[in-house]
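Below is one structure, written out as structure tokens, with a few remarks after it.
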Amino acid sequence: MATLMNLEIANLLRNIAAAYQILDENRFRIMAYERAGDSIEHATREMKDIWEDEKLSEVPGVGKTLAQHLDELFRTGRVKHFESVMKRVPEAVFPLLGVPGMGPKKAYKLVKALHLNRKDSAIDDLEKAAREHTIAPIEGFGEKSEHAILEGISAYRRGQIKGQRMSLPEADRIAREVIAHMKKNPDAEKIDTLGSLRRQVATIGDIDIAVATTNAQGVIEHFLRFPHKKIIEQGPSGASVILTNGRQVDVRVQEPRAYGAMLQYFTGSKHHNIALREYALGRGKSLSEHGVKDVKTGVVEQFRTEQEFYEELGLQYIAPELREDRGEIEAGLRKGLPKLVGFADIKGDLHVHTSYDLHPSHDLGVNTLEECLDKAAALGYEYIGISDHNPSVSNQSKEKIIDIMKRRKEYYEQKYYSWKERVKKRVHLFIMCEADVLTDGTIALPEKAFDFVDAVIASIHSAFRQERKTMTKRVLSGLGSHPKVCVFGHPTGRLLPTREGIELDWEEIFAFCKNRKIALEINAYPSRLDLPDTLVYDAVKAGLPCIINTDAHSVRQMDLLPYGVSVARRGWCTKRDIANTMEYNKFKDWLLRH
DNA sequence: GCCGTTTTCGGCCCGACTGTTTTCAGTCG
């Protein structure tokens with residue numbers, strides 16, 4: 001029987017919630033299913049594993065009833081109660097829910113009125129009906145909604161709305177352009193990013209920008225002069241447009257004296273805000289983007305800054321990266337929030353590829369050692385680690401590989417000393433290697449080749465789909481293959497937005513790494529951001545060090561390290577949790593400890 | 001259906017915008 005993954009379970013629960021909505025079930029029961037769905041989608045472990053550990057009801061939003069239903073799901077592959085609920089709703093409703101603007105109620109009305117009874121073609125059938133103008137006459141619909149449905153279907157087809165999210169650098173670039181445009185308006189007193197971009201989530205859906213102004217209308221009109229393809233929404237408090245590149249940008253405006261609450265509200269996350277509002281309600285306060293309302297008196301207090309807003313609630317200021325409802329409110333209440341690591345704390349980058357050709361298994365870098373050293377000096381680093389890929393094992397003998405590694409070390413040492421003489425800068429060099437952990441768990445570097453490196457990053461670059469037990473054994477074998485293996489490189493191997501990470505027993509990996517003092521890499525490359533923030537959180541809680549590297553294949557990519565810092569911050573890391581915040585002597589002792 | 005600093009019963013986040021309506025339902029974030 002195929003096991004359902006978390007996302008599929010989440011969607012199943014959301015479909016039940018939608019069915020309940022159509023059936024006019026108790027709205028709190030509906031909310032409960034939606035919340036459980038969200039919670040499961042964002043869980044760090046597979047529900048299947050949690051079920052095996054008999055800890056389902058420890059998952060937030062999963063109580064006794066849902067735990068029982070999920071138990072039935074994992075035991076038998078189906079849930080009778082879910083099936084009986086779904087049976088009461090035409091099945092053609094469910095595919096329509098993927099269309100933007102289409103919720104359960106509208107979908108149900110359309111399915112009934114248009115007699116859509118085939119699930120597989122529901123969206124095609126709906127599109128046909130819209131084109132034939134049979135939707136507008138239906139009660140509750142009209143010309144505009146018929147048109148909106150066609151637009152929604154077309155967006156759904158492009159996968160634009162719920163599909164392709166942006167990388168952080170792309171989102172940053174668009175945000176910078178919009179902010180530069182907004183700055184030209186003298187009425188824009190303050191401008192900030194909002195939403196997932198401000199929280200530095202790994203992928204970004206759309207760009208949200210906040211503006212503090214006393215001239216809302218003027219600022220919104222100014223924003224609408226930014227080149228765009230289409231206006232989606234426009235009101236007194238903001239506007240949304242689609243740019244020519246298909247990306248959506250929202251601008252929200254607020255008076256400077258109430259700007260703090262607005263910034264807080266639209267930064268989210270949704271889950272943080274819900275938790276915060278529940279917490280506030282317990283203290284007789286109701287929160288909105290306008291401020292904090294006293295429930296008894298109805299008086300709304302305004303705030304210029306977020307700091308004042310959180311202070312009013314008796315909380316420490318919560319950094320945007322922490323606002324994911326992972327315990328930050330409780331921590332803020334007992335003044336126990338971590339002092340987060342920052343880019344200024346980083347003393348070196350240990351995963352840089354050069355153009356030195358050692359006939360590697362994967363891509364060479366494009367810059368020379370000297371260019372990388374220059375860049376490290378420009379970034380103010382104390383040290384750099386050159387971690388080229390190991391020589392390819394498939395077409396070279398062990399002896400050849402050992403010889404290549406020996407000559408590489410000699411070459412780098414000679415170049416390094418002459419560089420140091422010439423530029424009079426103090427950047428220390430570690431000669432490292434990024435070695436593949438092969439399918440059978442051996443490391444792609446002969447024992448003797450380890451003599452010619454200071455340390456090794458072990459990474460998975462092949463056979464990503466091995467099953468969990470096999471993969472865990474493979475990784476443990478690779479990490480344990482030599483004492484000089486000090487870093488587990490881009491541990492999940494995920495590639496955003498498409499390739500899923502490998503399956504591992506993380507508890508086992510964490511325990512092993514802790515024991516061997518192996519650091520987990522936070523790979524800052526924007527399509528990796530790996531370890532992902534949620535696992536960083538778990539790793540740090542388990543007492544492991546992380547190390548933030550760029551995996552740069554060119555000196556320009558060495559600039560991307562701050563994205564790794566963002567991941568660390570989202571994982572609640574302080575300076576102490578990150579190995580490469582150590583000053584050179586301490587770091588050297590840690591890296592060369594074997 | 002979940003959950004606990006006021007609760008194992010009785011609460012449960014908040015508002016904007018749109019389109020179709022004459023006062024509101026649905027959807028979204």
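Each chain gets a letter, A, B and so on, in the order its sequence line appears, and its residues count up from 1. As the structure is a prediction and not an experimental result, all values here were calculated from the model.
Look at the C1' atom in both B:dG15 and B:dG10: the space between them is 25 Å, to the nearest Å. Nucleotides B:dT23 and B:dC17 have their C1' atoms positioned 16 Å apart, rounded to a whole Å. For the P atom pair drawn from B:dT27 and B:dT21, the interatomic distance equals 16 Å after rounding to whole Å. Here the separation of B:dT7 from B:dC12, taken at their C1' atoms, is 12 Å to the nearest Å. To the nearest whole angstrom, the two C1' atoms, one in B:dT5 and one in B:dG1, are 23 Å apart. Taking atom C1' on both B:dC28 and B:dT22, the two are 25 Å apart, rounded to the nearest angstrom. Separating the C1' atom of B:dT20 from that of B:dC14 is a span of 23 Å, rounded to the nearest Å.
Tested against A:R45, the residues A:D53, A:N6, A:D538 include a single side-chain hydrogen bond (donor to acceptor under 3.5 Å, both in side chains) partner, A:D53.
Looking at heavy-atom distances under 4.0 Å, A:E143 makes contact with sugar-phosphate atoms alone, never a base. As judged by a 4.0 angstrom heavy-atom cut-off over every strand, A:G268 is placed among residues making no nucleic acid contact. Within the nucleic acid shown, A:Y33 comes within 4.0 Å of sugar-phosphate atoms alone, with no base atom in reach, counting heavy atoms only. At the heavy-atom level, A:H81 lies under 4.0 Å from the strands shown only through sugar-phosphate atoms.
The nucleotide B:dT8 finds no pairing partner, because no Watson-Crick or G-U wobble arrangement with both distances shorter than 3.5 Å includes it.
As a whole-Å value, the separation of A:I232 CD1 from B:dG29 P is 10 Å. What separates CD1 of A:I30 from C1' of B:dG11 is a distance of 17 Å, to the nearest Å. Taking atom CD on A:E233 and atom C1' on B:dC28, their separation rounds to 8 Å, with Å as the unit. In this structure, the CZ atom of A:R27 is 14 Å from the C1' atom of B:dG26, given to the nearest Å. What separates CD of A:E139 from P of B:dA25 is a distance of 13 Å, to the nearest Å. Following rounding to the nearest Å, A:E151 (CD) and B:dG19 (C1') show an atom-to-atom distance of 15 Å. The separation between A:L276 atom CG and B:dC12 atom C1' is 16 Å, rounded to whole Å. Taking atom CG on A:D325 and atom C1' on B:dC2, their separation rounds to 14 Å, with Å as the unit.
Nearest approach of A:T267 to A:R199, heavy atoms of both residues: O-NH1, 2.7 Å. Closest heavy-atom contact between A:A36 and A:G61: CB-O, 3.6 Å. Shown here for A:A239 and A:F223, the closest heavy-atom pair between the two residues is O-CE2, 3.7 Å.
Between A:G282 and A:G63, the residue anchored closer to the 5' end of DNA chain B is A:G63, taking for each the nucleotide with the nearest heavy atom. With DNA chain B read from its 5' end, the first of the two nearest nucleotides for A:D208 and A:V59 is the one closest to A:V59.
Closest to the A:T65 side chain, of the nucleotides B:dC2, B:dT20, B:dT27, is B:dC2. Listed nucleotides B:dT27, B:dC14, B:dG1 differ in distance to A:F28; the shortest reach to its side chain belongs to B:dG1. For A:S288, counting side-chain heavy atoms from C-beta on, the closest listed nucleotide (B:dG1, B:dG15, B:dG26) is B:dG15. Residue A:K105 places its side chain closer to B:dG26 than to any other of B:dG1, B:dG26, B:dG15. Here the nucleotide nearest the side chain of A:L66, chosen from B:dG1, B:dT5, B:dC14, is B:dG1. The side chain of A:E289 has B:dA16 as its nearest neighbour among B:dG26, B:dG1, B:dA16.
For the pair A:R326 and A:Y537, the distance from NZ or CZ to the six-membered ring centre is under 6.0 Å and the angle to the ring normal is within 45 degrees.
For A:S145, no side-chain nitrogen or oxygen approaches OP1 or OP2 of B:dT18 to under 4.0 Å. For the pair A:H290 and B:dC14, the criterion of a side-chain N or O lying under 4.0 Å from OP1 or OP2 is not met.
Between A:E127 and A:R131 there is a salt bridge, since at least one side-chain N of the basic residue sits less than 4.0 Å from a carboxylate O of the acidic one.
Using a 4.5 Å heavy-atom threshold, the side chains of A:I123 and A:Y156 count as touching.
A donor and an acceptor atom never sit less than 3.5 Å apart when one is taken from the side chain of A:Y265 and the other from the base of B:dG15.
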